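Everything below concerns the one structure shown next.
From a predicted model like this one, the values you see are computed outputs, not experimental measurements. Residue numbers begin at 1 in each chain, while the letters A, B, ... track the order of the sequences. Every heavy atom of this structure was used, including side-chain atoms; hydrogens, water molecules and symmetry mates were not.
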Amino acid sequence: MDQFTLNLIFVGLTFAIYIGIAIWARAGSTAEFYAAGRGVHPVLNGMATGADWMSAASFISMAGIIALAPAGGYTQSAFLMGWTGGYVLLALLLAPYLRKFGKFTVPEFIGDRFYSGGARLLAVICLIVISITYVIGQMRGVGVTFGRFLEVSTDTGLYIGAAIVFAYAVFGGMKGITYTQVAQYVVLIIAYTIPAIFISLALTDSFLPQLGLIGSYAPGGGDQAFLAKLDEVVTELGFTAYTADTPNMLNMFLFTMSLMIGTAGLPHVIIRFFTVPKVADARTSAGWALVFIALLYTVAPAVGSMARLNLTTTMWPNAVAGNALDGDAVSLEAIQTDPRLNWVKTWEQTGLLHMEDLNGDGRIQYYNDKNPEMQALAAERGWQGNEVTKIDNDIMVLANPEIAALPSWVIALVAAGAVAAALSTAAGLLLAISSAISHDLIKGAINPKISEKGELLAARISMTGAILIATWLGLNPPGFAAQVVALAFGLAAATIFPVLMMGIFSKRVNKEGAIAGMLVGLVFTAIYIFLYKGWFFIPGTATFADVPENYLFGISPLSIGAVGAILNFAVAFGVSSVTRTPPREVVELVESIRVPRGAGAATGH
Amino acid sequence: MSGQDSAYWRANVRIILVCLVIWAVSSFGLGIVLRPALEGIMIGGADLGFWFAQQGSIYIFLVLIFVYAWLMNGLDRKHGVDE
């Protein structure tokens, strides 16, 4: 059976499962639509949160970002620590209390705690900006993955993806999404770990990739540590050592912090903790979510580093046993004829990998042509520059099974996993957007007397609208696909997280403080990002070039969310201390959410 | 807030603070700031700081959340606020 048919079967089968679950888990009430009836077991909620959280970026791109970072793989650890450490903050500081509060949306809590429709509206705006920017990347991810594995255009892939999300999100709401995400988690984690296990077995003496990363390099006889071998090979070719220390510790610190508090402030993740039965379940469920996330996140650095070494030894076959440069680079002839190098041809066709024999010697020299020592060597040997002219980050995960010569069903599985990762996150985001519109805007502000049935219909219509807008934005991405994640995390860190935390841990922070804090966090973070990435991301409008030399104190726009959060806290406390204390009933609300007893009795209205 | 409830809250905040210190030390501390100072301490083929940044901190986070949940369940029962 050919690869295409296999891909079709695997992806088709998983789709049938998702649709089947959606039909089984139709939502009949707003409680089911917004919070899956609050009956989700904490372990299942953990799995669903894992799928909800792990997007196309986590599945496809993260390992490659770590593997191919110019400053070395260690500097990118911020993604690993940041995207997992946020769950500690969620479990300790937010999830149990928001569950006790017992309502449906994040803006609803902010509106009630700060006794202000304005605060609620501001939270809705932040939530929609965060979720919309985030969802564009997911829709692109769906389109690109389909395009690559099902051999359709990216646009067609996007339409298929949108139709599938529509089928299970509009009818099932949170209930449908939750159980679909459980299935999607299972698909994506199997798809991620199987190739990793095989590669770890081939390269190191360990079955577990987590141990392989710190194990020894098996093809070289096992005398040398795997990481030492990797460092040796990449530095020989003029690249920065894989384990090299960070060039900017402050920035790495703030970047990690931004990703942590951003993760804890992402609305689509927070609302998942509204679905469990009890406060105690919200705490353990955050732990289970991290168990399922860690299964992928502890494998990712192994996948990245091993794929990097595989790639390098493919280009320099001599590097397996000795020094890369003592032997010849891989020849064009071998790439055309050796079946083990078929993946090079396949991935060149997708445009993610590009090679060019610049000096016409029939071999492909892969090295760092910006390194002065390598330039001297290149002059001596008659090289004309790095002949691997393009390697996309995404290739590290997507081409991995082929590089390791795994059977074609594994490749089909990776296709299904990548699609599951993108679809599950898109659905979670769309639910966060639609519940903010139907519950916070329509029921909360425009028509408070709306009936339960009317609100459910409004929720479904908002969901449909959100899908249409997301699809349109996915088809016409505003040219800032890479920057939007910075904005989404920065704003979640600088607006939502601080205001929720203060709402729970302080009885003194009042309406004026919360609104001022959110506004300052929002404006400061957005402006700092716009200064370097372009105003409203319109290409060519950046005030400063996006290079480290221009950054204020060396803080990259990706890391600014942490500073925005500190400003938010400071302004909120400052303003609150010179204005009136919150009313008695708000103080009682804070006291009540701090105690777990009675969460079951609280209702959605 | 009754005396009983505020004692519960104080104990809760104390547990959270201890957990947050461990959270910060394992990630920002061992993984980033202290890495140069710990150079040469190896875990298998990786130095301690590298391992904490890429693996160790995640394991600590995991244990931390479950220990926190377990401690809080105990605290809930002790103060009679469990459900």
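Proximity to chain B involves both the backbone and the side chain of A:Thr298, based on heavy atoms less than 4.5 angstrom apart. Using a 4.5 Å cut-off between heavy atoms, A:Ile293 makes no contact with chain B at all. Proximity to chain B is absent for every atom of A:Ala95, based on heavy atoms less than 4.5 angstrom apart. With a 4.5 angstrom heavy-atom cutoff, B:Tyr68 touches chain A only via side-chain atoms. For B:Ile32, the parts lying under 4.5 angstrom from a heavy atom of chain A are both the backbone and the side chain. At a 4.5 Å heavy-atom cutoff, A:Phe79 makes no contact with chain B through either its backbone or its side chain. In this structure, chain B has a heavy atom under 4.5 Å from the side chain of A:Met260, while its backbone stays farther away. For a residue to count as touching a neighbouring chain, one of its non-hydrogen atoms must lie under 4.5 Å from one of that chain's; by this rule B:Trp70 does not touch chain A. Residue contact with chain A, scored on non-hydrogen atoms closer than 4.5 Å, involves the backbone and the side chain of B:Ser27 alike. For A:Leu213, the part lying under 4.5 angstrom from a heavy atom of chain B is the side chain only. A:Leu90 does not touch chain B: none of its heavy atoms, backbone or side chain, sits under 4.5 Å away.
Across all non-hydrogen atoms, the minimal contact from A:Arg597 to B:Gly80 is NE-O, 3.4 Å. When all heavy atoms of B:Ala46 and A:Leu227 are compared, the closest pair comes out as CB-CD1, 3.5 Å. The minimum heavy-atom distance between A:Thr284 and B:Ala69, with the atom names listed, is CG2-CB, 3.8 Å. Nearest heavy atoms, A:Leu80 versus B:Ile58: O-CD1, 4.0 Å. When every heavy atom of A:Tyr74 is checked against every heavy atom of B:Ala53, the shortest pair comes out as CE1-CB, 3.6 Å. Of all non-hydrogen atoms in A:Ala280 and B:Asn73, the two that sit nearest each other are CB-OD1, 3.5 Å.
Options B:Val33, B:Val63, B:Asp47, B:Leu20 differ in how many heavy-atom pairs under 4.5 Å they form with chain A, and the most are formed by B:Val33. In terms of non-hydrogen atom pairs under 4.5 Å with chain B, the most contact-rich of A:Ala225, A:Pro96, A:Ser77 is A:Ser77. Among B:Met42, B:Gln55, B:Arg35, B:Gln54, the residue making the largest number of heavy-atom pairs under 4.5 Å with chain A is B:Arg35. When the candidates A:Leu290, A:Ile66, A:Val587 are compared by the number of heavy-atom contacts under 4.5 Å with chain B, A:Leu290 comes out ahead.
A:Val279 places none of its side-chain heavy atoms less than 4.5 Å from the side chain of B:Met72. The shortest side-chain heavy-atom distance between A:Pro301 and B:Phe50 does not fall under the 4.5 Å cut-off.
Note on A:Lys278 versus B:Asp76: no salt bridge recorded, every NZ/NE/NH1/NH2 to OD/OE distance being 4.0 Å or above.
Aromatic ring pairs are classed by plane angle as parallel below 30°, tilted from 30° to 60° and perpendicular above 60°; the pair B:Phe28 and A:Phe253 is tilted. Aromatic ring pairs are classed by plane angle as parallel below 30°, tilted from 30° to 60° and perpendicular above 60°; the pair B:Phe66 and A:Trp288 is perpendicular.
If you take CH2 on B:Trp23 and OH on A:Tyr87, they are separated by 15.0 Å, rounding to the nearest 0.5 Å. Atom NZ in A:Lys100 sits 8.0 Å away from atom CD in B:Glu83 (nearest 0.5 Å). Expressed to the nearest 0.5 Å, how far OG1 of A:Thr84 lies from CG of B:Leu62 amounts to 8.5 Å. For the atom pair CE of A:Met81 and CZ of B:Phe61, the computed distance is 7.5 Å after rounding to the nearest 0.5 Å.
By the 6.0 Å contact criterion, CD on B:Gln4 is enclosed, its count of non-hydrogen atoms from other residues, nucleotides or ligands being greater than 12.
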